[in-house]
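Notes follow once the structure below has been shown.
Just so you know, these numbers come straight off a predicted model, no measurement behind them. Nothing fancy with the numbering, it's 1 onward along the sequence.
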Amino acid sequence: QVQLVESGGGLVQAGGSLRLSCAASGRTSSNNHMGWFRQAPGKEREFVAHISWSGITKHYEDSVKGRFTISRDNTKNTVYLQMNSLKPEDTAVYYCAADYSVISYKVVTSYTYWGQGTQVTVSA
């Protein structure tokens, strides 16, 4: 089992920045693929970013490209999501997810382990 705990969410004005962290514990492995997803009220959970176990391969949802950066520190079993130039439409609960292998990094069901989520609210 892998436990994931997100932190770093909060309330920020449009144009501001936040850095989310996702700390893994339990049967952790630096070989896990990690993803960030978000879910706004009344909407489906959607893909935000993915990072491979090595940290070399990264993918982003189109609307966050150039504004968000995913990174990981395998010595700390932690993945980060640096979010800059935040917009009101970024408001959502943000979840991190992990799995040893993923069929499709954009798909929710590709990931076995999930955190409890952290709220990000961007005011206009």
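A search for side chain to side chain contact (heavy atoms under 4.5 Å, CB included) contacts involving T121 returns L11, T91, Q119, not counting sequence neighbours. Every side chain to side chain contact (heavy atoms under 4.5 Å, CB included) that V5 has, sequence neighbours left out, goes to Q116. Residues satisfying the side chain to side chain contact (heavy atoms under 4.5 Å, CB included) criterion with V64, sequence neighbours excluded, are R38, V48, Y60, E61, R67, F68. Shown here are the side chain to side chain contact (heavy atoms under 4.5 Å, CB included) partners of S17, two or more places apart in sequence or in another chain: Q82, N84.
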Inset, instruction - Dump the intermediate steps for side chain to side chain contact (heavy atoms under 4.5 Å, CB included) on M83 and V120, then the final yes or no. - result: CA-CA 10 Å; M83 306 186 296; V120 171; 3.8 Å; yes
Inset, instruction - Would you sort out whether E6 and Y94 count as a side chain to side chain contact (heavy atoms under 4.5 Å, CB included), showing the intermediate values? - result: CA-CA 8 Å; E6 303 96 336; Y94 283 70; over 6 Å; no
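Residue-environment remark: NZ (K106) stays at or below the threshold of 12 foreign heavy atoms within 6.0 Å. Atom CD of E44 is surrounded by 12 or fewer heavy atoms from other residues, nucleotides or ligands within 6.0 Å.
Minimum interatomic distance between L81 and A49 (heavy atoms only, all atoms of both residues): CD1-CB, 4.2 Å. Contact record, A40 with A92: N-CB, 3.8 Å, taken as the closest heavy-atom pair. Nearest heavy atoms, A124 versus A14: CA-CB, 4.4 Å. Residue A98 comes nearest to M34 through the heavy atom pair CB-SD, 3.3 Å, listed as atom of the first residue, atom of the second, then distance. L4 and Y113 make their closest contact through CD1-O, 3.5 Å (heavy atoms, listed as atom of the first residue, atom of the second, distance). Between Q3 and Q1 the shortest heavy-atom distance is NE2-CB, 3.6 Å.
Sorted pairs that involve residues 32-72 and meet disulfide bond (SG atoms under 2.5 Å apart), not counting sequence neighbours, are lacking altogether.
Judged purely by distance below 3.5 Å, without hydrogens or angles, the side chains of T112 and D99 pair a donor atom with an acceptor atom.
In the hydrophobic clustering of this structure, I70 groups with V2; members are Ile, Leu, Val, Met, Phe, Trp, Tyr whose side-chain heavy atoms approach within less than 4.5 Å, directly or through other members. L18 is connected to V122 through a chain of hydrophobic side-chain contacts under 4.5 Å among Ile, Leu, Val, Met, Phe, Trp and Tyr, so both are in one cluster.
Atom CH2 in W36 sits 11.5 Å away from atom CD1 in I51 (nearest 0.5 Å). One distance of note links NE2 of H50 with OG1 of T57; it measures 7.5 Å at 0.5 Å rounding. Distance check, rounded to the nearest 0.5 Å: CZ of R72 to SG of C96 gives 11.0 Å.
Hydrophobic cluster membership of V108, counting Ile, Leu, Val, Met, Phe, Trp and Tyr whose side-chain heavy atoms lie under 4.5 Å apart directly or via other members: F37, F47, V93, Y95, V102, Y105, Y111, W114.
Using modelled atom types, one side-chain atom of N74 and one backbone atom of W53 make a donor-acceptor pair closer than 3.5 Å.
Between K65 and D62, at least one side-chain N (NZ, or NE/NH1/NH2) sits under 4.0 Å from a carboxylate O, which counts as a salt bridge.
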